[in-house]
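I have placed the structure first, in the form of structure tokens, so that the comments after it can refer back to it.
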Amino acid sequence: MIPLPLLLNYFEKACKQLLKLADEEAEEVVPSELTLNLNWHRSRIVESQLTALASTLLEYESRFNAKVVQDVLREIGVGNFNNVVEGDGDEELHKTLVTAMEKTNEVAREAFVRSVLFLEMRDSLDNSHERNLHTHADLSKSALMEYLGLAITSMRLPEIQSFLFNGTSVKVDIESEVFSTSEERLLYIQRLLWKAVGWEPDNASDQMKHLMEEGNSELMNDNEVMETVMKYTSSVRVAVTNASMGSDLTESMSTTDGTTRVVNVTYSEKVVTSETIQSLSAPTSNSMNEHKHEQQSLEQKAQRDVAKLRQDIHDEFVSLPPDEQGKTLAKAKQAQDAFLQKVMSTPPGAERVMLMKSIDFETQKLLIIHKMWATVE
């Protein structure tokens with residue numbers, strides 16, 4: 001039987017240890033065939049968790065066996081609390097343990113992705129060795145799922161969100177390539193992740209695009225794959241839309257005599273549609289040097305998509321009964337007021353940028369509705 005406080009102590013220490021992992025990554029870690037392997041990154045996560053467990057057990061004077069604790073942790077993961085002291089039959093304690101475990105698992109996922117991305121960024125600037133990447137094999141389910149999982153988590157990282165927004169370096173000791181748009185920066189991240197799972201980016205992207213266009217392949221008929229692809233598409237859409245909107249929203253803020261005030265909130269409405277996401281998710285086989293012409297075409301298409309979206313929003317609104325129109329406008333006004341209140345109460349700088357990038361898609365739509373009909377009124 002393992003005491004509840006011991007388990008909670010372990011979860012807290014594990015989170016701290018995992019969060020330190022990115023800062024502890026030494027500059028002398030040279031990318032190699034060994035380190036540029038996902039198993040190497042996984043071993044770093046496991047080592048951090050084992051360090052946290054050893055530290056926790058020391059506080060209990062090693063009265064508990066590490067293997068026994070690990071077995072109990074696995075049991076908790078499947079909903080079995082029988083071997084937790086004070087945990088038997090207490091639903092609130094069960095929730096506390098599960099919440100702590102889920103938080104630790106999420107921190108571990110983020111630490112894993114940081115480890116992968118940071119090393120891949122260093123390798124992208126190092127031409128001293130060749131990578132043995134897949135170029136001809138068919139894209140496997142395991143490789144696709146690995147890539148999608150890495151990408152979904154990466155879109156949640158604050159440093160990646162800032163990088164997509166304005167190209168801010170993800171880590172002070174890592175020089176990253178310079179790109180002019182959020183879309184180019186996204187493609188850069190995607191290419192790094194394809195390399196991380198062992199695939200030549202253009203080849204893997206072409207295959208993924210073909211799978212998404214075809215839609216009737218064995219992979220795309222797999223429920224697990226389809227669900228993950230939908231999560232991936234949503235995470236990329238939100239990340240790129242918020243990054244695109246953020247630059248316009250920051251321009252609308254000004255400070256006078258040290259007081260923050262909102263002069264005029266204008267929206268770029270660079271809303272990324274599902275078709276645009278497909279282009280971003282799976283670029284054709286062009287090198288990054290040849291990407292600029294493609295990027296111009298993509299931006300032109302995005303502008304057409306935005307115009308169509310505005311028209312769709314307009315048509316949807318005018319088709320509503322008068323009472324529903326009133327409710328929708330009131331909801332849009334509430335969303336606008338709430339957003340402006342948050343902006344004014346958030347200090348300028350990184351916190352405000354993060355706020356603007358955290359707007360969900362439905363709120364974006366309401367803000368656009370308010371802008372359109374406030375202008376009409």
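- Side-chain atoms of Ser115 and Arg44 form a donor-acceptor pair, as typed in the model, at a separation below 3.5 Å.
- Between Phe112 and Arg42, some side-chain heavy-atom pair lies under the 4.5 Å cut-off.
- Considering every non-hydrogen atom in both Leu139 and Ala204, the closest pair reads CD2-O, 4.3 Å.
- Side-chain atoms of Glu200 come within 3.5 Å of backbone N or O of Asp202 as a donor-acceptor pair.
- Here the CD1 atom belonging to Ile369 is positioned 6.5 Å from the OG1 atom belonging to Thr328, to the nearest 0.5 angstrom.
- There is no path of hydrophobic side-chain contacts, each under 4.5 Å, that joins Leu50 to Leu18.
- Minimum interatomic distance between Ala151 and Ser154 (heavy atoms only, all atoms of both residues): O-OG, 2.7 Å.
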Could you walk me through whether Val225 and Val229 pass side-chain contact (heavy atoms from CB on, under 4.5 Å), step by step?
-> CA-CA 6 Å; Val225 172; Val229 167; 4.0 Å; yes

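- Among all heavy-atom pairs drawn from Thr104 and Ala14, the shortest one is CG2-CB, 3.8 Å.
- Atom CG in Leu150 sits 11.0 Å away from atom CG in Leu192 (nearest 0.5 Å).
- Hydrophobic clustering places Leu53 together with Leu8 (ILVMFWY residues linked when any side-chain heavy atoms are closer than 4.5 Å, directly or through intermediates).
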Stepwise side-chain contact (heavy atoms from CB on, under 4.5 Å) check, Leu4 with Val85 | CA-CA 6 Å; Leu4 176 68; Val85 179; over 6 Å; no

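- Of the residues listed (Val84, Leu57, Val72), the one engaging Leu6 in a side-chain contact (heavy atoms from CB on, under 4.5 Å) is Leu57, and it is the only one.
- Ala108 and Gln49 make their closest contact through CB-NE2, 4.0 Å (heavy atoms, listed as atom of the first residue, atom of the second, distance).
- If you chain together hydrophobic residues whose side chains sit under 4.5 Å apart, Val236 and Met145 fall into the same group.
- Rounding to the nearest 0.5 Å gives a distance of 12.0 Å between NZ of Lys95 and CD of Glu102.
- Remark: side-chain polar atoms of Ser55 are not paired, donor with acceptor, to backbone N or O of Thr51 under 3.5 angstrom.
- The side-chain heavy atoms of Tyr60 and Pro5, taken from C-beta on, include a pair separated by under 4.5 Å.
- Inspection of the Asn82 and Glu75 side chains reveals no N or O donor paired with an N or O acceptor under 3.5 Å.
- The hydrophobic cluster containing Ile189 does not contain Leu133, counting ILVMFWY residues as joined when their side-chain heavy atoms lie under 4.5 angstrom apart, directly or transitively.
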Determine, stepwise, if the pair Val69 / Tyr10 fulfils side-chain contact (heavy atoms from CB on, under 4.5 Å).
-> CA-CA 10 Å; Val69 176; Tyr10 161 71; 5.9 Å; no

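- In this structure, Leu366 and Phe339 have side chains that are not in contact, with every pair of non-hydrogen atoms separated by 4.5 Å or more.
- With a 4.5 Å cut-off on side-chain heavy atoms, Arg114 and Leu21 do not count as touching.
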Carefully, step by step, assess Gln190 and Leu193 under the rule side-chain contact (heavy atoms from CB on, under 4.5 Å).
-> CA-CA 5 Å; Gln190 291 172 324; Leu193 295 179; 5.8 Å; no

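- For the atom pair CZ of Arg109 and CD1 of Ile152, the computed distance is 10.5 Å after rounding to the nearest 0.5 Å.
- Looking only at side-chain heavy atoms (C-beta outward), Phe11 and Asn105 stay at 4.5 Å or farther from each other.
- Gln207 and Asn203 share a side-chain donor-acceptor pair at under 3.5 Å.
- A donor-acceptor pair is defined here as one N or O able to donate and one able to accept, closer than 3.5 Å; such a pair exists between the side chain of Gln325 and the backbone of Leu320.
- Here Glu224 contributes atom CD and Leu144 contributes atom CG; the two are 10.0 Å apart, rounded to the nearest 0.5 Å.
- The shortest distance between side-chain heavy atoms of Met208 and Trp194 falls below 4.5 Å.
- With hydrogens and angles disregarded, no donor-acceptor distance shorter than 3.5 Å links the side chain of Glu110 to the backbone of Thr153.
- Considering CE of Met155 and CD1 of Ile160, their distance stands at 6.5 Å, rounded to 0.5 Å.
- Closest heavy-atom contact between Asn39 and Asn37: N-OD1, 2.7 Å.
- Formation of a donor-acceptor pair under 3.5 Å by the Ser235 side chain with backbone atoms of Tyr232 is found in this model.
- Classified by interplanar angle (parallel below 30°, tilted 30° to 60°, perpendicular above 60°), the ring pair His134/Trp199 is tilted.
- A distance-only check finds a donor-acceptor pair linking the side chain of Ser319 to the backbone of Glu316 [under 3.5 Å].
- In this pair, Phe81 and His94 present their aromatic rings parallel. The plane angle is below 30°, not in the 30 to 60° band.
- The backbone N or O of Pro158 sits less than 3.5 Å from a side-chain atom of Ser162, completing a donor-acceptor pair.
- The pair Arg191-Glu120 does not count as a salt bridge, with every side-chain nitrogen at least 4.0 angstrom from each carboxylate oxygen.
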